[in-house]
Amino acid sequence: MSLEEQLSKLKTEFPELLEEKVRVEERRVLQPLPGAVEGRVVVRFAPNPDFYIHLGNARPAILCSEYAKMYKGKMILRFEDTDPRTKTPLREVYDAIREDLRWLGVVWHEEYIQSLRLNIYYDIAREMIRRGCAYVDLCGDEGKKLLSEGSYCPDRDRDPSWHLEQFDRMLEGAYDEGEAVVRVKTDPRHPNPSVRDWVALRIIDTTRYPHPIVGSKYIVWPTYNYAVSVDDHLMGVTHVIRGREHEVNTVKQLYVYNCMSWSPPVFVHIGRLKLEGFILSKSKIRELLSREPEKFLGYDDPRFGTIAALRRRGILPEAIRELILSVGAKETDATISWANLASINRKLLDPIADRIMYVNNPEELVYEGDCVDAEIPYHPERPEKRVIRLCRGDVIMVNKDDVKLGEVRLMGAVNVKLEGGRAIMTSRDLRYARERKLQIIQWVPKRDAVKLTIYKPEGLEMKKIEGYAENTLKAYKVDSKLQLVRFGFIRIDRVEEDGSYKAFLIHE
RNA sequence: GCCGCGGUAGUAUAGCCAGGCCCAGUAUGCGGGCCUUUCGAGCCCGUGACCCGGGUUCAAAUCCCGGCCGCGGCACCA
């Protein structure tokens, strides 16, 4: 049938099919969580407290808390601090993470610290050994080598009672690092060598590498895959939302569920989130901080992508939340452009940020004209105003580029001609300025100008902009977010002893 | 190298499972205009994408096969 024939047939037999379908109003909602039942959903965010969290970590954290809310479920915060040797947890980071999460609006109902639960992991390990699906491997490096060849340490075939004994000896300290490990029986010929009888518990010499919470109390430590499986089950987690890098870990963890006859949760793997032009990687930030400590302000330096850095720059938590929800729980990686985040933030900030005048690259001019009381609203949508008096002989500062414009209107005040170091009043009338399409420029009286230095992060550099704000700035404290007219939004970072201000440019 | 997962404009995302309302929607960016005592916000117009090649079908962004590219994993890290 040709298209024409089809159409005419439809027209006569099924005319209703040809009616325009009305597009359903599109709403940005998180896609449903597979298998989720209202009131039954338990999710968790499980960071390693070895460093401060960044925007990439915020993705699973916010998604989890959003899903918990959506399904009237429960959210768990769990610190995964089971490696005091290579990923040594930092004492101060536990609290920093809690603070970052609270700031982001993440609500959690239960909290756990894995280093405080070691006895639980030991108990389950004994049960797994009894069931014959875990064993103690005393072969050391040889055991690793045998597995890589598709074989295994001969200890594997011994009776569970022998392994139970050896496990107790491990706990008593009879073995050193590397001499004994507990492995989960999987498939010694699994195509992925890391899956083959993976290590569930190993020995870490905590006299050399003390743990910030439990010191040197324990020497047998669970690995990530083992502790996670046990905890997710014991804590009743129904949905594991984590990065794609954990896909293989899911395969490994399923062996624990299988051995213990537990029913596994639903695993959702999401892509990585990057922020264009910013460093998110924990190790990279640490490296820069230790290599060039004088160049950076700390882990919350706005050139980094940590949550603390975004906060210090002046990004609002709602903006981060909105961004992450708009990206959703997709499996693909996403590189967010700064312009995108800035645009969301600007829309949130615009209705609440007061406007004040600021001049960088200033040129001083002497005002010649009538005395005027310039009444300038703090915000175009609100009636409150401040008054700035301008009289003959006053020195004002305006941007050098604006001086080139010739005749301009000083915002809120008068129209002036700028020439020869003078600002000569031509008229007070706003209509006059409109008719002549005069540029309206910001200006600052020199008598009580406040020195304001603005720092603008650009890649690994920090651009410094010096200038002066009107005296009104003095009313604002650290952390205030303002819009400098015709310049951009800033967050006040510091007020110096001499009364000068330091701020970060959030965005234009 | 082996194993796994992806690929829609500059960026992000909708549509893909259940093929036709899609010569592909939205946001942001970019260009232009309107409005406005800000170069901000708002409004209007424009710009620009289905990785490639086959196949199935009346019909493919959507299903199938092959290729290419990207990402992840291959720890006694998490």
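Reminder, nothing fancy here: chain letters follow the sequence lines and each chain counts from 1.
A salt bridge does not link Lys274(A) to Glu276(A): none of the charged side-chain nitrogens sits closer than 4.0 Å to a carboxylate oxygen. Under 4.0 Å is where a charged nitrogen must lie from a carboxylate oxygen, and between Glu149(A) and Lys145(A) at least one such pair does.
Atom name P, nucleotides rG66(B) and rG4(B): the rounded distance is 13 Å, in whole Å. Between the C1' atoms of rA27(B) and rU36(B), the separation comes to 24 Å (whole Å). Distance check on atom P: rC63(B) versus rC16(B) gives 9 Å, rounded to whole Å. Annotation: rC71(B) and rA12(B) have their P atoms spaced 13 Å apart (nearest Å). Across rU26(B) and rG48(B), the matching P atoms stand 15 Å from one another, rounded to whole Å. Spacing between rU38(B) and rU62(B) at atom C1', rounded to whole Å, works out to 47 Å. rG29(B) and rA9(B) have their C1' atoms separated by 11 Å, given to the nearest Å. rC17(B) and rA61(B) have their P atoms separated by 12 Å, with the value rounded to a whole Å.
Atom CG in Leu147(A) sits about 9 Å away from atom P in rC76(B), given to the nearest Å. Atom CZ in Arg382(A) sits roughly 21 Å away from atom P in rU36(B) (whole-Å rounding). Between the CG atom of Leu138(A) and the C1' atom of rC76(B) there is a distance of 13 Å, given to the nearest Å. Whole-Å rounding puts the Leu325(A) CG to rA27(B) C1' distance at 15 Å. Residue His379(A) contributes atom NE2, which lies 13 Å from atom C1' of rU36(B) at whole-angstrom precision. Taking atom CD1 of Ile324(A) as the reference point, atom C1' of rU13(B) lies 15 Å away to the nearest angstrom. Straight-line distance from the NZ atom of Lys437(A) to the C1' atom of rU38(B): 17 Å, rounded to whole Å. The nearest whole Å value for the distance from the CD1 atom in Ile336(A) to the P atom in rG10(B) is 16 Å.
Partners of Asn345(A) according to the side chain to side chain donor-acceptor pair (under 3.5 Å) rule, which considers only residues two or more places apart in sequence or in another chain, are His507(A). With sequence neighbours left out, the disulfide bond (SG atoms under 2.5 Å apart) criterion links Cys64(A) to no other residue. Qualifying side chain to side chain contact (heavy atoms under 4.5 Å, CB included) partners for Thr250(A), counting only residues two or more places apart in sequence or in other chains: Arg242(A), Leu254(A), Phe267(A), His269(A). Scanning for side chain to side chain donor-acceptor pair (under 3.5 Å) contacts around Tyr299(A) gives an empty result, with sequence neighbours left out. The side chain to side chain donor-acceptor pair (under 3.5 Å) test applied to Thr335(A) returns no partner, not counting sequence neighbours. Residues meeting the side chain to side chain donor-acceptor pair (under 3.5 Å) test with Asp187(A), sequence neighbours left out: none. The side chain to side chain contact (heavy atoms under 4.5 Å, CB included) search around Leu405(A) returns Asp402(A), Val408(A), Gln439(A), Ile441(A), not counting sequence neighbours.
Of the two residues contacting RNA chain B, namely Ile440(A) and Thr335(A), the nearest-nucleotide position lying further toward the 5' end is that of Thr335(A). Each of Arg85(A) and Met411(A) was assigned the nucleotide of RNA chain B with the nearest heavy atom; the assignment lying further toward the 5' end belongs to Met411(A).
Atom CD of Glu508(A) has 12 or fewer heavy atoms from other residues, nucleotides or ligands within 6.0 Å.
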Can you give me the N/O atom pairs linking the protein to nucleotides 41-49 of chain B at distances under 3.5 Å, or say none if there are none?
| unit_1 | atom_1 | unit_2 | atom_2 | d |
| --- | --- | --- | --- | --- |
| rA41(B) | OP1 | Arg346(A) | NH1 | 3.4 |
| rA41(B) | O4' | Asp350(A) | OD1 | 3.3 |

Short heteroatom pairs, N/O only, protein and nucleotides 70-75 of chain B, under 3.5 Å:
| unit_1 | atom_1 | unit_2 | atom_2 | d |
| --- | --- | --- | --- | --- |
| rC71(B) | O2' | Arg244(A) | NH2 | 2.9 |
| rC71(B) | O2' | Asp333(A) | OD2 | 2.9 |

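Counting any heavy atom pair closer than 4.0 Å across all strands shown, Asn249(A) reaches a base atom. Asn340(A) comes within 4.0 angstrom of a base, heavy atoms only. Using a 4.0 Å heavy-atom cutoff across all strands shown, Gly277(A) reaches no nucleic acid atom at all. Using a 4.0 Å heavy-atom distance criterion, Phe489(A) is classed as a sugar-phosphate-only contact. Nucleic acid contact for Glu331(A): sugar-phosphate only, since backbone atoms but no base atoms lie under 4.0 Å from a heavy atom of the residue.
Listed nucleotides rU11(B), rA78(B), rG40(B) differ in distance to Ser337(A); the shortest reach to its side chain belongs to rU11(B). The side chain of Thr223(A) lies closest to rA78(B) when the candidates are rU11(B), rU13(B), rA78(B). Of the candidates rU28(B), rG6(B), rC77(B), the closest approach to any side-chain atom of Ala339(A) belongs to rU28(B). Nearest nucleotide to the Gln483(A) side chain, out of rG40(B), rA12(B), rA78(B): rG40(B).
Applying the ring-ring contact (aromatic ring centres under 6.0 Å, His included) test to pairs two or more places apart or on separate chains, those with a residue in residues 334-357 of chain A are Phe278(A)-Trp338(A).
In this structure a side-chain-to-backbone donor-acceptor pair under 3.5 Å is missing from His54(A) to Ile279(A). Using a distance-only test at 3.5 Å, with no hydrogens or angles considered, no donor-acceptor pair links the side chain of Gln483(A) to the main chain of Ala353(A). Judged purely by atom type and a 3.5 angstrom limit, Tyr367(A) uses its side chain to pair as donor or acceptor with the backbone of Asp370(A). A donor-acceptor distance shorter than 3.5 angstrom exists from the side chain of His163(A) to the backbone of Val136(A), with no hydrogens or angles considered.
Secondary-structure stems of RNA chain B, taken as three or more successive Watson-Crick or G-U wobble pairs (i with j, i+1 with j-1) under a 3.5 Å distance threshold, comprise B:1-7 with B:68-74, B:10-13 with B:25-28, B:29-34 with B:42-47, B:51-55 with B:63-67.
Within residues 47-64 of chain A, the residues approached by RNA chain B to less than 4.0 Å at the level of any non-hydrogen atom are Asn48(A), in residue-number order.
Residue Thr82(A) places at least one side-chain N or O under 4.0 Å from the OP1 or OP2 atom of rA78(B).
No hydrogens or angles considered: a donor-acceptor pair under 3.5 Å links the side chains of Asp231(A) and Tyr121(A).
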